[in-house]
Amino acid sequence: TSGAKIIDPCNSEKYDEYVNLLYELRKNKGMTIENAKELVKNPVYYGMLMLKDEKSGADGLVSGAIHSTSDTLRPALQILKTAPGTKLVSAFFVMVVPDCEYGSNGTFIFADSGLNENPDAESLSEIAISSSKSFRQ
């Protein structure tokens with residue numbers, strides 16, 4: 001087995017805790033308990049709340065195969081926020097090419113090929129800087 005734990009947000013022991021956490025994080029933006037109860041059933045929202053909860057043991061979240069970029073990014077920005085000093089939100093893809101002499105041992109990042117349309121020079125610079133920091137992490 002892979003050691004992965006499958007969690008159904010609707011039947012999770014953390015459901016009520018995460019409903020309250022989402023409500024507290026977003027109540028100043030109009031979040032209601034009823035709305036939080038529905039959103040926490042969404043696996044992307046639940047996953048972002050797991051990342052916010054340092055005791056959950058979650059290290060990351062993979063999304064995008066069946067969720068749009070906006071449906072992945074919205075909960076991330078609402079729950080996790082951006083890193084201090086972040087000027088621009090961007091995305092990148094990691095590509096690993098086996099037996100490749102290029103890149104970092106065959107690992108490449110393709111920065112913002114889907115989030116920022118027609119970035120100017122300053123935006124391209126910010127995308128490159130933040131992507132390189134994330135890649136090093």
Result for side chain to side chain contact (heavy atoms under 4.5 Å, CB included) between L49 and one of V19, L39, L21 points to L21
State yes or no: do F108 and F92 share one hydrophobic cluster built from I, L, V, M, F, W and Y residues joined by side-chain heavy-atom distances below 4.5 Å, directly or via other members? no
Taken in chain and number order and not counting sequence neighbours, the residues that satisfy side-chain contact (heavy atoms from CB on, under 4.5 Å) with D8 are C10, N11
Sequence neighbours excluded, the answer for side-chain contact (heavy atoms from CB on, under 4.5 Å) partners of K5 is I7
Y46 meets the ring-ring contact (aromatic ring centres under 6.0 Å, His included) criterion, sequence neighbours left out, with Y18
Residue pairs meeting side-chain hydrogen bond (donor to acceptor under 3.5 Å, both in side chains), one or both in residues 98-109, sequence neighbours left out, come to none
*asked:* Taking the side chain as everything from C-beta on, heavy atoms only, tell me whether K133 gets closer than 4.5 Å to I129.
replied: yes
### Message
If we ignore hydrogens and angles and just use 3.5 Å, is the side chain of S132 paired with the main-chain N or O of A128 as donor and acceptor?
### Response
yes
Would you list the atom pairs, donor with acceptor, under 3.5 Å between side chains in residues 27-38 and any protein atom, with sequence neighbours excluded?
from: K27; atom 1: NZ; to: E24; atom 2: OE1; distance (Å): 2.9
from: T32; atom 1: OG1; to: N35; atom 2: N; distance (Å): 3.0
from: E38; atom 1: OE2; to: K41; atom 2: NZ; distance (Å): 3.2

Between S90 and the options S123, S134, P119, S130, the side chain to side chain contact (heavy atoms under 4.5 Å, CB included) test singles out S130
Apart from V89 itself, members of its ILVMFWY cluster (side-chain separation under 4.5 Å) are L73, L77, L115
Quick note, salt bridge (Lys or Arg N to Asp or Glu O under 4.0 Å) partners involving residues 106-121, not counting sequence neighbours, are none
Here the salt bridge (Lys or Arg N to Asp or Glu O under 4.0 Å) pairs for residues 66-78, sequence neighbours left out, are D71-R74
Taken in chain and number order and not counting sequence neighbours, the residues that satisfy side-chain hydrogen bond (donor to acceptor under 3.5 Å, both in side chains) with Y45 are Q78
Between F110 and L124, is there a shared hydrophobic cluster once you connect ILVMFWY residues whose side-chain heavy atoms come closer than 4.5 Å?
-> no
The remaining residues in the hydrophobic cluster of I127, counting side-chain heavy-atom contacts under 4.5 Å among Ile, Leu, Val, Met, Phe, Trp and Tyr, are L88
- [ ] Kindly work out whether a path of hydrophobic side-chain contacts (I/L/V/M/F/W/Y, heavy atoms less than 4.5 Å apart) joins L80 to V44.
- [x] yes
Indicate every side-chain donor-acceptor pair of residues 55-63 with a distance under 3.5 Å to a residue at least two apart or in another chain.
from: S56; atom 1: OG; to: M50; atom 2: O; distance (Å): 2.6
from: S56; atom 1: OG; to: D53; atom 2: O; distance (Å): 3.0
from: S56; atom 1: OG; to: A58; atom 2: N; distance (Å): 3.1
from: S63; atom 1: OG; to: T72; atom 2: OG1; distance (Å): 2.7

Contacts satisfying salt bridge (Lys or Arg N to Asp or Glu O under 4.0 Å) that involve residues 80-92 (not counting sequence neighbours) are K87-E126
